[in-house]
Amino acid sequence: MSLHLQSLPAPRFSLEKTLNSGQVFHWVPCKGGFAGTIAEDVVYFEQNGETLSFVGTDESSAVSYLALDHPLDEILNSFPDDAAMKLAAEYSVGIRIIRQPSWECLATFLTSAVKQVHQIRAMSFAIRHRFGRRLQCGDLCAYSYPSPETLATVGSEQLIECKLGFRARNLLSTARMVAGREFDLEAIRKLPTEEARRALVQLPGVGEKIANCVLLFAYERLDAIPIDVWIARVLSEAYFKGRGKIPMPEMKIFAANYFGAYAGYAQQYLFHHWRLTYRKKG
DNA sequence: ATCCAGGATAGCG
DNA sequence: CGCTATCATGGA
């Protein structure tokens, strides 16, 4: 690294787990750390023990993006006291729910429907490389996520070439609504969570699950709990054992009541643990 | 080859 | 409300 690295303390933090836990999809392993972008800055992070080093951004942005200021004790103490949660929390030590720029978070999760995590990464890289800005700093290079204005002008065939399939149409329509100021992503920030959710699901391709991802990963609503196929699996196998298929409304009610003020954190730890350890028939 | 993936949506009874 | 087909693509 030719550029000067700054350092800051990062106790009980795991850079690798945080960037690889399925909440953000564009960080690349690079020289012992990770290279990527924060908005329009190309950034490099590396971790040695409890020290986090970085270049390409300032300390307050690094702390904010990686959520090093979250009240970890309070969060961990808020979790329900059961075996599945304990296992997940132990497996996921160091994961923070980071603060992502709202547009790239919304756009990326719009493409996430019925795709595996590494496919979501592949689509994200393809979109960035093709339509984003090339950002370079020293020997670091990465591509920013294209703005809604940029995506609003591209053809659907170009997004199909990025392997979006039926998701291309939704991403295009949403980009046009945001670019045309028909939908205000900044106004969402000021709304109570329930109203923000109602607004987000107005967007084409955004249902309750993706709205909750955006609320959790971009708008700091740490109680928002997206229920995807993995969380549905965790709930039915760990909390509804022995009963057949549980109707989604019942799962939502249970999740909202059982997992407390930091349900989104609990969800992320359960997701990470189950996704990386689950094996069929055992 | 068959089933599934960090879903949403319209249509049905 | 609850169930189903459909959407497009690649991985397991």
Side-chain angles (χ1 to χ4, degrees), chain A residues 17-27 88 91-92 95 97-98 100 104-127 155-175 177 183 197-219 221-222 224-238 240 243-255 259 263-282:
Chain A
K17 285 188 207 173
T18 295
L19 298 182
N20 283 329
S21 59
Q23 53 178 316
V24 65
F25 304 92
H26 70 282
W27 291 90
Y91 190 84
S92 304
I95 292 181
I97 296 207
I98 72 174
Q100 300 183 45
E104 62 181 68
C105 181
L106 167 62
T108 303
F109 276 99
L110 253 174
T111 70
S112 72
V114 208
K115 283 286 190 186
Q116 297 174 331
V117 168
H118 75 270
Q119 296 178 302
I120 302 170
R121 280 176 69 85
M123 291 184 289
S124 169
F125 285 123
I127 290 172
S156 58
E157 327 76 41
Q158 296 175 277
L159 289 179
I160 297 288
E161 287 169 17
C162 296
K163 309 301 183 186
L164 268 69
F166 63 82
R167 304 154 194 84
R169 175 182 172 76
N170 292 330
L171 179 57
L172 261 185
S173 302
T174 294
M177 289 175 68
F183 193 93
R197 186 180 292 111
R198 276 203 298 275
L200 285 168
V201 298
Q202 299 298 107
L203 292 167
V206 179
E208 200 162 342
K209 188 269 171 182
I210 291 179
N212 280 331
C213 286
V214 178
L215 288 169
L216 177 61
F217 300 133
Y219 291 106
R221 310 306 165 97
L222 300 183
I225 171 164
I227 301 181
D228 72 323
V229 291
W230 285 100
I231 296 302
R233 187 172 291 150
V234 174
L235 294 184
S236 52
E237 292 194 20
F240 291 91
R243 305 177 43 187
K245 344 181 198 321
I246 309 300
M248 185 56 80
E250 189 173 348
M251 288 205 183
K252 289 193 282 196
I253 292 170
F254 172 80
F259 292 104
Y265 255 94
Q267 168 275 150
Q268 192 64 16
Y269 286 10
L270 289 166
F271 174 84
H272 180 71
H273 175 50
W274 280 68
R275 188 172 76 87
L276 296 188
T277 61
Y278 185 81
R279 296 289 180 274
K280 292 163 196 165
K281 303 183 172 78

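Each chain gets a letter, A, B and so on, in the order its sequence line appears, and its residues count up from 1.
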Nearest-Å distance for atom pair [atom1]/[atom2], residues [X] and [N]:
X	N	atom1	atom2	value
Leu171(A)	dA8(C)	CG	C1'	15 Å
Ile225(A)	dG6(B)	CD1	P	17 Å
Tyr278(A)	dA5(B)	OH	P	9 Å
Leu159(A)	dT9(C)	CG	C1'	15 Å
Ile97(A)	dG6(B)	CD1	C1'	13 Å
Gln119(A)	dG6(B)	CD	P	8 Å
Glu161(A)	dT9(C)	CD	C1'	15 Å
Lys252(A)	dC1(C)	NZ	C1'	12 Å

Do Phe125(A) and His26(A) make the cut of ring centroids closer than 6.0 angstrom?
->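 No, they do not, as the ring centres are separated by 6.0 Å or more.
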Between Phe254(A) and Phe240(A), does the ring centroid distance fall short of 6.0 Å?
->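 Under 6.0 Å, so yes.
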Using a 4.0 Å heavy-atom cut-off across all strands, classify [X] as base, sugar-phosphate, or nothing.
X	value
Pro247(A)	nothing
Arg169(A)	nothing
Ile160(A)	sugar-phosphate
Arg121(A)	nothing

Ring stacking, Phe109(A) with base of dG6(B), under 5.5 Å and under 30°?
->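 No; centroid distance or tilt outside limits.
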Side-chain N,O (Arg233(A)) to OP1/OP2 (dA5(B)) below 4.0 Å |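 Answer is yes, contact under 4.0 Å.
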Could you tell me which residues satisfy side chain to side chain donor-acceptor pair (under 3.5 Å) with Gln23(A), sequence neighbours excluded, listed by chain and number?
->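 Residues passing side chain to side chain donor-acceptor pair (under 3.5 Å) with Gln23(A): Ser21(A).
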Partner set under ring-ring contact (aromatic ring centres under 6.0 Å, His included) for Tyr219(A), not counting sequence neighbours =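 Residues passing ring-ring contact (aromatic ring centres under 6.0 Å, His included) with Tyr219(A): none at all.
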Partners passing salt bridge (charged side-chain N to carboxylate O under 4.0 Å, His left out) against [X] (at least two apart in sequence or in another chain):
X	result
Lys17(A)	none
Glu161(A)	Arg130(A)
Arg197(A)	Glu194(A)

Identify all side-chain donor-acceptor contacts of residues 227-236 of chain A below 3.5 Å with residues at least two apart in sequence or on another chain.
from: Asp228(A); atom 1: OD1; to: Trp230(A); atom 2: N; distance (Å): 3.3
from: Asp228(A); atom 1: OD1; to: Ile231(A); atom 2: N; distance (Å): 2.9
from: Asp228(A); atom 1: OD2; to: Trp230(A); atom 2: N; distance (Å): 3.4
from: Ser236(A); atom 1: OG; to: Ala232(A); atom 2: O; distance (Å): 2.9
from: Ser236(A); atom 1: OG; to: Arg233(A); atom 2: O; distance (Å): 3.2

For the side chain of Gln267(A) and the base of dG6(B), is some donor closer than 3.5 Å to an acceptor across the two?
->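 When only heavy-atom distances are counted, Gln267(A) does reach the base of dG6(B) through a donor-acceptor pair under 3.5 Å.
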Side chain of Gln268(A), base of dG6(B): donor and acceptor closer than 3.5 Å?
->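 Donor-acceptor pair under 3.5 Å: yes.
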Do the rings of Tyr278(A) and Trp274(A) sit parallel, tilted or perpendicular, given the 30° and 60° boundaries?
->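 Judged by the thresholds at 30° and 60°, the geometry between Tyr278(A) and Trp274(A) is parallel.
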For DNA chain B, just give me the dot-bracket, please: Watson-Crick or G-U, both distances below 3.5 Å, ( ) intra-strand, [ ] crossing earlier pairs, | paired with another strand, . unpaired.
-> .||||.|||||||
In B/S/- notation, 5' to 3', how is nucleotides 7-13 of chain B contacted by protein heavy atoms closer than 4.0 Å?
-> BSS----
How far does the C1' atom of dG6(B) sit from the matching atom of dG2(C), given to the nearest Å?
->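 dG6(B) and dG2(C) have their C1' atoms separated by 23 Å.
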If you look only at pairs with a residue in residues 164-174 of chain A, which of them pass as a side-chain hydrogen bond (donor to acceptor under 3.5 Å, both in side chains), with sequence neighbours excluded?
->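 Qualifying pairs: none.
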